[in-house]
**Q** 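Quick one: the structure is below, and I'll ask about it shortly.
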Amino acid sequence: MEALRSEWDAASSGFCSAEVADKWWNTITEKYTADDRKFHNQDYLSRTFCVFHENKDKLRNPQAVAMAIFFQKLEYNPQSGDGEAACIEKFKIFLEEAAVDQDENETAKSVLELLECCRTNLTEEHMTAGSCGTEDRHYLLDLLVALLGASPSQYESYTASIQAEYSHLSDTAYKQLRLKILQSLLLIPNVYATKDFQERYEKQARENISREVKELKQSQEN
């Protein structure tokens, strides 16, 4: 977690006192190291920040994007459908403790806008063939799902971790839910919103998703 602490220090620099930063770092550590976090854990954050740094020079407000990365899965419960809303509320509590006016501070406003985008994980650019975006929201959504375009072995490891977070569901129920999500991804023109991610990850992501869809369908038939 030491490297992630450095990321948090950079994200919170000039935003709040050291005392508030330390308090919220403890919260971040507690949340992302919880035993039930099989995928959305500290490794998830580390991978996301690795991709973040690869694209940092393209971001208009890197600090806001970094802050959004920490908060977008701070509250995570696969059994609940309001995780994104809970994360937004957590960030607002953080702003209050940091004595930051969310209506006056541009970075705070940017983080809130980014967290709102995470509620749908879709932009117009995802839904329009031949389209791509260049705004921070496009890059944030793309880097959060970069793993979809990973190598087949990395993707397989990812799918196993995701299913482990849904242990409250039966195998059949999980596979039905997963199949629905994956098929909806294949229906939209772009898995990724930015040109950079489309060129680097789109083809492999679609291959990975298509392969998993095929495997899920086969398991349902058996």
Side-chain angles (χ1 to χ4, degrees), residues 1-34 37 39-77 82-121 123 125 133-147 150 192-197 200-201:
M1 295 289 285
E2 184 177 344
L4 286 174
R5 177 61 202 250
S6 296
E7 300 290 359
W8 172 247
D9 288 342
S12 60
S13 176
F15 211 76
C16 61
S17 67
E19 181 181 3
V20 171
D22 286 344
K23 175 186 175 182
W24 280 86
W25 171 247
N26 290 335
T27 299
I28 290 167
T29 301
E30 177 186 354
K31 295 289 187 179
Y32 283 98
T33 59
R37 297 265 189 146
F39 176 72
H40 294 97
N41 50 28
Q42 68 269 31
D43 292 334
Y44 164 79
L45 284 180
S46 296
R47 284 191 300 267
T48 303
F49 272 107
C50 181
V51 184
F52 164 82
H53 284 291
E54 291 175 356
N55 296 275
K56 188 176 180 180
D57 62 334
K58 301 155 191 164
L59 303 175
R60 300 175 188 179
N61 191 336
Q63 183 179 23
V65 174
M67 188 71 74
I69 291 171
F70 277 112
F71 276 90
Q72 60 93 26
K73 290 296 182 186
L74 188 64
E75 293 294 332
Y76 178 70
N77 181 2
D82 63 350
E84 291 79 9
C87 290
I88 291 172
E89 290 307 310
K90 276 289 186 181
F91 181 67
K92 289 180 178 179
I93 293 172
F94 166 71
L95 291 178
E96 290 177 5
E97 295 184 5
V100 173
D101 189 333
Q102 68 183 62
D103 296 319
E104 298 294 331
N105 186 285
E106 290 302 318
T107 296
K109 286 194 288 186
S110 294
V111 176
L112 285 169
E113 290 171 0
L114 291 170
L115 292 176
E116 281 290 343
C117 287
C118 291
R119 299 183 76 164
T120 62
N121 293 314
T123 65
E125 285 70 23
T134 59
E135 296 177 17
D136 284 357
R137 61 194 176 99
H138 300 122
Y139 276 100
L140 173 64
L141 295 181
D142 279 2
L143 63 90
L144 291 176
V145 295
L147 197 55
Y192 297 101
T194 65
K195 182 178 181 181
D196 301 284
F197 280 75
R200 183 174 180 182
Y201 296 111

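Numbering of residues begins at 1 and proceeds along the displayed sequence.
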**Q** Using atom types as modelled and distance alone, determine if a side-chain donor or acceptor of Q63 lies under 3.5 Å from a backbone N or O of S13.
**A**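 The answer is yes, because a donor-acceptor pair under 3.5 Å joins these two groups.
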
**Q** Please identify each residue that fulfils side-chain hydrogen bond (donor to acceptor under 3.5 Å, both in side chains) with K56, with sequence neighbours left out.
**A**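 Scan of K56 (side-chain hydrogen bond (donor to acceptor under 3.5 Å, both in side chains), adjacent residues dropped) gives none.
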
**Q** Hey, is the main chain of F197 close enough, under 3.5 Å, to the side chain of D142 for a donor-acceptor pair?
**A**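 No.
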
**Q** Who passes salt bridge (charged side-chain N to carboxylate O under 4.0 Å, His left out) against D22, sequence neighbours left out?
**A**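 Result, salt bridge (charged side-chain N to carboxylate O under 4.0 Å, His left out) vs D22: R5.
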
**Q** Under the side-chain hydrogen bond (donor to acceptor under 3.5 Å, both in side chains) test, which residues partner N55, sequence neighbours left out?
**A**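 Listed in chain order: K58.
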
**Q** List the atom of A193, the atom of T123, and the distance in Å for their closest heavy-atom pair.
**A**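 So the two residues come closest at CB-OG1, 4.0 Å.
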
**Q** What pairs with T29 under side-chain contact (heavy atoms from CB on, under 4.5 Å), at least two apart in sequence or on another chain?
**A**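 By the side-chain contact (heavy atoms from CB on, under 4.5 Å) rule, T29 matches M1, W25, T33.
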
**Q** Name every donor-acceptor pair, under 3.5 Å, that has one atom in a side chain of residues 96-103 and the other anywhere in the protein, sequence neighbours excluded.
**A**
| residue | atom | partner | partner atom | Å |
| --- | --- | --- | --- | --- |
| E97 | OE1 | K23 | NZ | 3.0 |
| E97 | OE1 | W24 | NE1 | 2.8 |
| E97 | OE2 | K23 | NZ | 3.0 |
| D101 | OD1 | D103 | N | 2.8 |

**Q** Hey, could you give me the CZ/CG distance between F71 and L115, rounded to the nearest 0.5 Å?
**A**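 It is 8.5 Å, given to the nearest 0.5 Å.
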
**Q** Check A85 against R119 and note the closest heavy-atom contact, atom names and distance.
**A**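 Result for this residue pair: CB-NH2, 3.7 Å.
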
**Q** Just to verify, what does S17 make a side-chain hydrogen bond (donor to acceptor under 3.5 Å, both in side chains) with, not counting sequence neighbours?
**A**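 S17 satisfies side-chain hydrogen bond (donor to acceptor under 3.5 Å, both in side chains) with no other residue.
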
**Q** Locate the shortest heavy-atom distance separating Y201 from A146; write the atom from each residue and the value.
**A**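 Distance-wise, the nearest heavy atoms are CD2-O, 3.9 Å.
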
**Q** State whether the side chain of D136 and the backbone N or O of L59 hold a donor-acceptor pair below 3.5 Å, judged by distance alone.
**A**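 Judged by distance alone, no pair lies under 3.5 Å.
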
**Q** Among all residues two or more places apart in sequence or in another chain, which pass the ring-ring contact (aromatic ring centres under 6.0 Å, His included) test with Y139?
**A**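 Y139 satisfies ring-ring contact (aromatic ring centres under 6.0 Å, His included) with no other residue.
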
**Q** A3: what forms a side-chain contact (heavy atoms from CB on, under 4.5 Å) with it, not counting sequence neighbours?
**A**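 Applying side-chain contact (heavy atoms from CB on, under 4.5 Å) to A3 gives none.
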
**Q** Applying salt bridge (charged side-chain N to carboxylate O under 4.0 Å, His left out), name anything that partners E19, two or more places apart in sequence or on another chain.
**A**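 Applying salt bridge (charged side-chain N to carboxylate O under 4.0 Å, His left out) to E19 gives none.
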
**Q** Excluding sequence neighbours, so at least two apart, what forms salt bridge (charged side-chain N to carboxylate O under 4.0 Å, His left out) with E135?
**A**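 For E135, the residues satisfying salt bridge (charged side-chain N to carboxylate O under 4.0 Å, His left out) (neighbours in sequence not counted) are R137.
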
**Q** For Y44, what residues pass the ring-ring contact (aromatic ring centres under 6.0 Å, His included) criterion, not counting sequence neighbours?
**A**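 Here the qualifying residues are F39, H40.
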
**Q** For K31, give me all partners under side-chain hydrogen bond (donor to acceptor under 3.5 Å, both in side chains), at least two apart in sequence or on another chain.
**A**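 Checked K31 against side-chain hydrogen bond (donor to acceptor under 3.5 Å, both in side chains); matches are E75.
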
**Q** How are the rings of F70 and W8 set relative to one another: parallel (under 30°), tilted (30 to 60°) or perpendicular (over 60°)?
**A**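 Judged by the thresholds at 30° and 60°, the geometry between F70 and W8 is perpendicular.
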
**Q** To the closest 0.5 Å, what do you measure between CG (L140) and CD (Q72)?
**A**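 Going from the CG atom of L140 to the CD atom of Q72 covers 6.5 Å.
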
**Q** Between F52 and F49, how do the two ring planes meet: parallel, tilted or perpendicular, split at 30° and 60°?
**A**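 If you compare the ring of F52 with that of F49, the planes turn out perpendicular.
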
